[in-house]
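Each residue takes its place number in the sequence, starting with 1.
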Amino acid sequence: MSSESEYTSDQDVYNMSDARLALTLCITKNRAGSETDVQALEKMFKALNFKNTVRRNIPAKGFWEELEKFRDDMDQMKDPVSCCFVVLMAHGEEGILQGVDGNTIRLDELFCMLTNKNCRALRGKPKVFIVQACRGDQKDPGEVVKPTSSGGDVLLAKERPPKLPTFSDSLHVYATVEGYIAYRHEEDGSFFIQTLVDVFTNMKGNILDLLTEVTRRMADAELMEEGKPRKVNPEVQSTLRKLLYLQ
């Protein structure tokens with residue numbers, strides 16, 4: 001069987017030969033099990049050759065300040081950067097994160113800091129945000145449905161635009177869908193982070209295929225909360241222009 005690489009040119013794949021950087025911002029106070037997630041992420045980033053910086057228990061403003069420093073340091077580096085991961089773990093609601101001080105910050109403010117417009121070092125480079133936080137208080141008991149098929153036509157531009165869109169080359173991965181809670185075990189860590197780490201560390205493939213496997217595993221599992229079955233799955237929002245391989 002022919003490998004995927006035979007059908008993929010270098011122009012279709014992000015170059016990952018330069019520096020790989022990661023920033024993990026985590027509220028561990030009053031979030032039992034979150035330290036387990038931090039440790040799992042540290043092992044994953046080491047296995048994937050990322051240099052990871054961890055900051056714990058920061059105020060809401062600290063999310064902005066730490067990300068700003070991360071961005072400015074990259075822009076001042078002499079050597080090029082291939083890719084960055086930003087992991088955000090905290091209590092939250094749709095579109096916001098809560099700092100250790102109880103104040104909140106909007107996710108879109110953080111996302112915008114690393115756009116092609118605002119971060120020179122990552123212009124045209126993949127920027128991956130991993131968000132482990134609730135997006136509401138709804139709980140999904142699950143539904144039994146019959147398989148259905150769907151399809152549609154996709155229109156492709158015939159010519160590559162001379163400029164990059166401001167918000168391209170980004171990947172936002174949420175622990176749960178809009179309006180719903182994200183589950184975290186007091187000892188074993190969060191279902192999302194632990195599943196993602198296992199897949200990213202032990203499987204090879206482009207990142208969207210890996211995230212499909214993360215989604216499959218989470219969707220197949222059934223969580224029990226106060227004796228009631230719950231279902232949960234991550235949500236992936238991508239503007240990547242190329243295939244991204246981590247190993």
Side-chain angles (χ1 to χ4, degrees), residues 21-48 50-73 84-114 127-140 171-198 200-201 214 218 221 223-226 228 230 232-235:
L21 303 177
L23 175 66
T24 300
L25 304 178
C26 180
I27 304 300
T28 58
K29 184 178 180 181
N30 298 325
R31 295 183 67 249
S34 57
E35 191 62 42
T36 304
D37 289 339
V38 173
Q39 294 172 8
L41 287 164
E42 287 270 58
K43 293 180 180 178
M44 180 190 79
F45 284 130
K46 183 177 181 180
L48 298 177
F50 277 78
K51 180 181 178 182
N52 182 37
T53 300
V54 181
R55 297 287 184 265
R56 297 172 174 83
N57 295 328
I58 55 178
K61 187 178 179 181
F63 281 96
W64 172 273
E65 294 173 341
E66 292 291 345
L67 190 55
E68 182 179 45
K69 183 178 184 303
F70 182 65
R71 179 196 64 186
D72 292 348
D73 287 348
C84 88
F85 269 65
V86 176
V87 183
L88 305 170
M89 298 192 288
H91 292 300
E93 297 178 13
E94 178 54 29
I96 65 172
L97 295 178
Q98 184 182 87
V100 73
D101 57 353
N103 294 323
T104 60
I105 188 166
R106 292 187 58 82
L107 278 169
D108 56 9
E109 295 180 23
L110 302 179
F111 295 157
C112 280
M113 292 186 67
L114 300 185
K127 301 161 275 283
V128 181
F129 284 86
I130 305 295
V131 183
Q132 169 59 42
C134 292
R135 302 177 69 188
D137 56 8
Q138 297 186 65
K139 301 176 182 180
D140 184 6
L171 181 62
H172 300 166
V173 188
Y174 297 88
T176 186
V177 297
E178 181 177 345
Y180 284 78
I181 70 171
Y183 291 93
R184 174 171 36 84
H185 191 275
E186 292 184 355
E187 296 179 359
D188 298 335
S190 62
F191 185 30
F192 168 58
I193 292 294
Q194 296 298 320
T195 305
L196 182 142
V197 166
D198 184 48
F200 278 23
T201 304
V214 172
M218 292 180 66
L223 306 178
M224 297 300 296
E225 181 196 39
E226 298 178 347
K228 296 181 179 180
R230 303 295 187 195
V232 65
N233 60 269
E235 181 176 335

Listing, residues 38-47 side-chain donor-acceptor contacts under 3.5 Å, not counting sequence neighbours, or none:
| unit_1 | atom_1 | unit_2 | atom_2 | d |
| --- | --- | --- | --- | --- |
| E42 | OE1 | N52 | ND2 | 3.1 |

Note to self: Are more than 12 heavy atoms, taken from residues, nucleotides or ligands other than E235, located less than 6.0 Å from that residue's CD atom?
What the structure shows: yes
Checklist line | Side chain proximity check, I130 to F192, heavy atoms < 4.5 angstrom | finding: yes
Check: Roughly how far, to the nearest 0.5 Å, is CG of L67 from CE of M113?
Finding: 4.5 Å
Margin query: Checking R55 now: which residues fulfil side chain to side chain donor-acceptor pair (under 3.5 Å) with it, not counting sequence neighbours?
Written below: E66
Item checked: Sequence-distant partners of K69, salt bridge (charged side-chain N to carboxylate O under 4.0 Å, His left out), two or more places apart -> D73
Note to self: Just verifying a value: how many Å separate L88 CG and C26 SG, rounded to the nearest 0.5 Å?
What the structure shows: 10.0 Å
Check: Do R135 and Y180 pass the side chain to side chain contact (heavy atoms under 4.5 Å, CB included) test, and can you show the C-alpha distance, the side-chain angles, and the key distance before you say yes or no?
Finding: CA-CA 5 Å; R135 302 177 69 188; Y180 284 78; over 6 Å; no
Item checked: Approximate separation, where rounding is to 0.5 Å, of Q98 CD and R31 CZ -> 10.5 Å
Next item on the list: Can you see which heavy atom on W64 is nearest to which on E109, and at what distance?
Entry: CZ3-O, 3.5 Å
Item checked: Non-neighbouring partners of N103 that pass side chain to side chain donor-acceptor pair (under 3.5 Å), sequence neighbours left out -> D101
Item checked: Given F111, F63, Y174, F85, the one that forms ring-ring contact (aromatic ring centres under 6.0 Å, His included) with F129 -> F111
Check: Rounded to the nearest 0.5 Å, what separation is found between the NZ atom of K127 and the CG atom of L171?
Finding: 11.0 Å
Next item on the list: Write down the atom of D37, the atom of S190, and the distance for their closest heavy-atom approach.
Entry: OD2-OG, 2.7 Å
Next item on the list: Go through the structure and list residues passing salt bridge (charged side-chain N to carboxylate O under 4.0 Å, His left out) with E178, not counting sequence neighbours.
Entry: none
Check: Is the closest side-chain donor-acceptor distance between T36 and D188 under 3.5 Å?
Finding: no
Check: Where do A133 and L97 come nearest, in terms of heavy atoms and distance?
Finding: CB-CD2, 3.7 Å
Item checked: Spatial distance of atom OH (Y183) from atom CG (D140) [nearest 0.5 Å] -> 7.5 Å
Notebook entry, point to check: For the atom pair CD1 (I181) and CG (D137), what is the distance rounded to the nearest 0.5 Å?
Noted result: 8.5 Å
Notebook entry, point to check: Judged by atom type as modelled, is there a donor-acceptor pair below 3.5 Å linking the side chain of R184 to the main-chain atoms of G33?
Noted result: no
Next item on the list: For residues E187 and H185, report the shortest heavy-atom separation together with the two atoms involved.
Entry: N-ND1, 3.0 Å
Next item on the list: Would you name the heavy atoms of I27 and A90 that are closest together and state the gap between them?
Entry: CG1-CB, 3.7 Å
Notebook entry, point to check: Can you tell me if T28 uses its side chain to pair, donor with acceptor, with the backbone of S34 under 3.5 Å?
Noted result: no
Item checked: All side chain to side chain donor-acceptor pair (under 3.5 Å) counterparts of K61, not counting sequence neighbours -> none
Notebook entry, point to check: Is a side-chain donor or acceptor of N57 paired with a backbone partner of K29 at a separation under 3.5 angstrom?
Noted result: yes
Check: Do you know the tightest heavy-atom contact between A175 and Q132?
Finding: CB-OE1, 3.2 Å
